[in-house]
Amino acid sequence: MTKRGVLAIISGFSGAGKGTIVGELVRKYDYAISISATTRNPREGEEEGVNYFFKSREAFEKMIDEDALIEYAQYLGNYYGTPKEYVMRQLDAGRDVLLEIEMQGALKVKERFPETTLIFITPPDVSELRRRLEGRGTETPEVIGRRIARAKEECAYMQKYDYIVVNDQLEDCVEQMHALLQSLHYAGYNQLDLIHEITAGFQDI
Ligand code: 5GP
């Protein structure tokens with residue numbers, strides 16, 4: 001029987017470097033990554049079906065009605081959601097799946113699937129966060145201000161995460177994340193089949 005993959009959610013302040021880290025994990029270690037649907041406009045360089053599935057509000061609300069999303073949330077006035085079918089198919093095929101989603105969605109997935117691991121990525125401090133957001137060069141000062149205000153609110157929920165990882169040096173952070181993700185395979189809740197098999201072996205004793 002194929003061992004089911006593990007499901008991990010990566011969240012973090014906007015500008016924490018989650019996208020880059022997840023990209024490196026996929027490139028180096030072949031994790032499966034879910035591509036979200038969103039109603040926000042594409043940023044320069046973003047591609048349909050690569051970064052997101054870009055949807056109208058109407059099309060997104062249809063996905064909600066059809067229960068085609070594991071979770072969805074509104075973030076700064078736009079919908080974001082995780083299409084269900086792809087994630088379930090990858091997990092069943094034994095691949096480890098990463099979801100890069102914000103907190104409201106992360107907590108909803110944990111409620112629905114408690115075996116999900118929540119990992120929060122943070123820069124070392126707030127001045128580094130601001131530097132990274134400004135360095136992107138893709139957002140207006142107003143949007144950067146809103147993202148920092150949102151990050152301040154999000155601090156209150158960091159404790160709900162199973163693991164917090166500091167992204168100081170990118171390469172170190174990627175290796176720490178990979179080690180952490182691999183260790184999840186040994187967790188009891190990810191080895192229910194093995195536990196049942198061993199338990200069954202004792203049946204006639
Ligand atoms: P951005 O607009 O910067 O691409 O994303 C804004 C926020 O939405 C980020 O915190 C990102 O992790 C989150 N996000 C992206 N996809 C999803 C999703 O499918 N569900 C939820 N709940 N959040 C998402």
Side-chain angles (χ1 to χ4, degrees), residues 7-26 31-57 59-64 66-88 90-91 97-113 116-123 129-130 132-158 160-161 163-165 167 173 177:
L7 178 61
I9 295 189
I10 321 281
S11 306
F13 307 130
S14 177
K18 318 178 280 286
T20 312
I21 290 163
V22 169
E24 280 298 284
L25 287 167
V26 170
Y31 288 95
I33 177 177
S34 155
I35 299 169
S36 299
T38 183
T39 57
R40 93 150 156 72
N41 292 325
R43 290 192 192 119
E44 201 171 315
E46 284 185 335
E47 284 177 49
E48 166 71 15
V50 176
N51 304 92
Y52 282 107
F53 297 108
F54 294 100
K55 304 276 178 197
S56 64
R57 277 191 96 78
F60 196 101
E61 283 168 357
K62 187 157 177 272
M63 291 178 83
I64 299 174
E66 290 172 349
D67 194 27
L69 300 170
I70 294 181
E71 60 72 40
Y72 67 93
Q74 298 224 31
Y75 178 89
L76 303 182
N78 283 303
Y79 279 126
Y80 293 82
T82 309
K84 187 171 6 180
E85 204 220 309
Y86 174 81
V87 172
M88 293 306 159
Q90 297 299 319
L91 289 173
V97 181
L98 307 180
L99 305 185
E100 187 204 324
I101 64 181
E102 56 64 71
M103 286 184 160
Q104 299 165 60
L107 298 175
K108 277 192 237 165
V109 178
K110 182 85 173 177
E111 222 170 84
R112 200 162 164 191
F113 305 102
T116 308
T117 300
L118 302 185
I119 305 174
F120 192 89
I121 298 182
T122 175
L129 179 68
R130 183 180 288 281
R132 288 183 195 173
L133 280 171
E134 288 170 353
R136 261 186 192 173
T138 53
E139 321 280 9
T140 61
E142 193 235 327
V143 171
I144 292 177
R146 279 161 69 199
R147 285 177 184 254
I148 289 180
R150 171 72 186 227
K152 185 175 176 186
E153 286 169 17
E154 288 178 340
C155 288
Y157 296 91
M158 280 171 76
K160 294 191 184 283
Y161 277 69
Y163 299 96
I164 312 280
V165 178
N167 177 19
C173 187
M177 289 288 292

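Both ligands and their constituent atoms are indexed starting at 1 by order of listing.
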Residues with a heavy atom under 4.0 Å from ligand 1, by chain and number, are K18, S36, R40, R43, Y52, E71, A73, Y75, Y80, G81, T82, E100, I101, E102, G105, R147
In Å, rounded to the nearest 0.5 Å, how long is the span from NZ of K110 to CE of M103? 14.0 Å
Would the F120 and F13 ring centres measure less than 6.0 Å apart? yes
Can you label the angle between the Y79 ring and the F60 ring as parallel, tilted or perpendicular, going by 30° and 60°? parallel
side-chain contact (heavy atoms from CB on, under 4.5 Å) against E111, all qualifying residues, sequence neighbours excluded: none
Within the distance-only criterion (no hydrogens, no angle test), does the side chain of K108 pair as donor or acceptor with the backbone N or O of Y72 below 3.5 angstrom? yes
Pair E142 + R147: basic N to acidic O under 4.0 Å: no
